**Q** 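My questions all concern the structure below.
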Amino acid sequence: MRLTISTWNINSVRLRIDLVAKFVKAVRPDILCLQETKCPDDRFPLKRLRRLGYEHAALNGQRGYHGVAVLSRLPFDHVSIEGFGGKSDSRHVAVVIGERAGMRDPLTVHNIYVPAGGDAPDVNILVGDLNVAPLEHDVWSHRQLIDVVSHTPIECDRLNAVQRAGQWIDIMRMLVPEPTKLYTWWSYRSADWAAVNKGRRLDHIWVAPALGERVASMAVSKQTRGWPQPSDHVPVSATLEV
DNA sequence: ATGGTCGGCAACCGA
């Protein structure tokens with residue numbers, strides 16, 4: 001079974017629902033993980049997503065800020081939500097795709113918006129906007145961003161430590177190793193973002209060790225940054241043989 | 001060295 005998972009910090013799902021539609025028609029992910037939906041659950045555009053083929057939704061939204069959602073063509077066995085740092089911010093939602101979807105082995109997908117403070121056992125995939133670009137070539141200038149939040153040594157060291165502790169495989173860097181530059185975010189404050197290309201790799205897809213050899217492909221949908229009224233983040237997608 | 005731009009929601013906060 002081929003499974004495509006996409007992650008995208010959409011920066012308001014209601015404002016950019018047409019861009020979501022355009023993206024899913026092109027990439028056709030089975031599972032779409034969104035961050036910064038900025039949308040209470042009772043106002044989430046579920047009908048539109050259902051028409052696009054996503055009948056299943058796991059929402060953790062709030063008014064005004066943050067918010068994550070998993071949209072899926074496949075049913076969930078289980079949905080869970082964790083809080084981080086003792087706050088009620090909507091920054092995490094996890095789903096299990098298993099028996100009900102006809103999966104041989106259940107797959108847990110964690111959709112996260114912020115650094116995860118630690119690793120959790122029995123998880124398979126971790127995706128989302130972690131807001132850290134941990135490697136030298138995850139930013140346009142390692143030297144100029146060394147004091148800028150998202151690329152400071154303490155952030156990079158700790159994110160790399162979480163990755164090592166959980167033996168997570170960073171599939172973007174598995175398939176596109178350093179020193180190739182790899183970005184998923186370009187600031188709104190740069191007028192000519194493509195030409196200037198001062199990007200950062202803030203969005204990630206990590207898989208558990210056993211899934212490393214199941215990864216068939218990975219893609220960064222950079223073109224969405226050039227669409228009208230874009231998110232400042234672009235989608236990252238991975239296809240797994242599960 | 002500094003300011004530059006967004007979105008939500010109604011004066012700034014968060015990014």
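Chain letters run A, B, ... following the sequence lines, proteins first and then strands; every chain starts at 1. All values below come from the heavy atoms of this structure, side chains included, with hydrogens, waters and symmetry mates left out. Quick caveat: nothing in here was measured; it's all calculated off a predicted structure.
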**Q** Does one side chain, of N111(A) or Q35(A), offer a donor that lies under 3.5 Å from an acceptor on the other?
**A**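 Judged by distance alone, the side chains do pair up.
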
**Q** For atom CZ of R43(A), is the number of surrounding heavy atoms from other residues, nucleotides or ligands below 6.0 Å larger than 12?
**A**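 12 or below, so no.
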
**Q** Just how far, in rounded Å, is P of dA1(B) from CG of D147(A)?
**A**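 Value for this atom pair: 11 Å.
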
**Q** Between R14(A) and dG8(B), is there a side-chain N or O to OP1/OP2 distance below 4.0 Å?
**A**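 R14(A) to dG8(B) OP1/OP2: no side-chain N or O under 4.0 Å.
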
**Q** Name the nucleic acid region contacted by R225(A), choosing base, sugar-phosphate or nothing; use a 4.0 angstrom heavy-atom cut-off, strictly under.
**A**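 Nothing: the residue R225(A), judged by heavy atoms under 4.0 Å, touches no strand.
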
**Q** Between S187(A) and P40(A), who's closer to the 5' end of DNA chain B by nearest nucleotide?
**A**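 Of the two residues, S187(A) wins.
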
**Q** If I take atom CG in residue D89(A) and atom P in nucleotide dG8(B), what distance separates them, rounded to the nearest angstrom?
**A**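 Rounded to whole Å, this separation is 18 Å.
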
**Q** Should the ring pair H151(A) and H142(A) be called parallel, tilted or perpendicular, given that the plane angle runs from 0 to 90° and is split at 30 and 60?
**A**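 Answer is perpendicular, since the angle exceeds 60°.
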
**Q** Return whichever of Y188(A) or H66(A) has its heavy-atom-nearest nucleotide of DNA chain B closer to the 5' end.
**A**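 Result of the comparison: Y188(A).
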
**Q** How long is the line joining NZ of K198(A) and C1' of dG4(B), in whole Å?
**A**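 From K198(A) NZ to dG4(B) C1': 11 Å.
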
**Q** Output the rounded distance in Å from CG (D203(A)) to C1' (dA15(B)).
**A**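 The answer, rounded to whole Å, is 13 Å.
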
**Q** Cut-off 3.5 Å, side chains only: do S90(A) and N60(A) have a donor facing an acceptor?
**A**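 Side-chain D/A pair, S90(A) to N60(A): present.
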
**Q** Atom CG of D192(A) to atom C1' of dT5(B): distance rounded to whole Å?
**A**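 Going from CG in D192(A) over to C1' in dT5(B) covers 15 Å.
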
**Q** Heavy atoms only, 4.0 Å cut-off, all strands: where does R43(A) land among base, sugar-phosphate and nothing?
**A**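 No contact.
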
**Q** For W185(A) and dA15(B), what is the distance between atoms CH2 and P respectively, to the nearest whole Å?
**A**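 Spelled out: CH2 on W185(A) to P on dA15(B) is 13 Å.
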
**Q** With rounding to whole Å, what would you report as the distance between dG14(B) and dA10(B) at their P atoms?
**A**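 dG14(B) and dA10(B) have their P atoms separated by 15 Å.
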
**Q** Is any side-chain N or O of Q229(A) closer than 4.0 Å to OP1 or OP2 of dG7(B)?
**A**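 Looking at the OP1 and OP2 atoms of dG7(B), one of them is under 4.0 Å from a side-chain N or O of Q229(A).
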
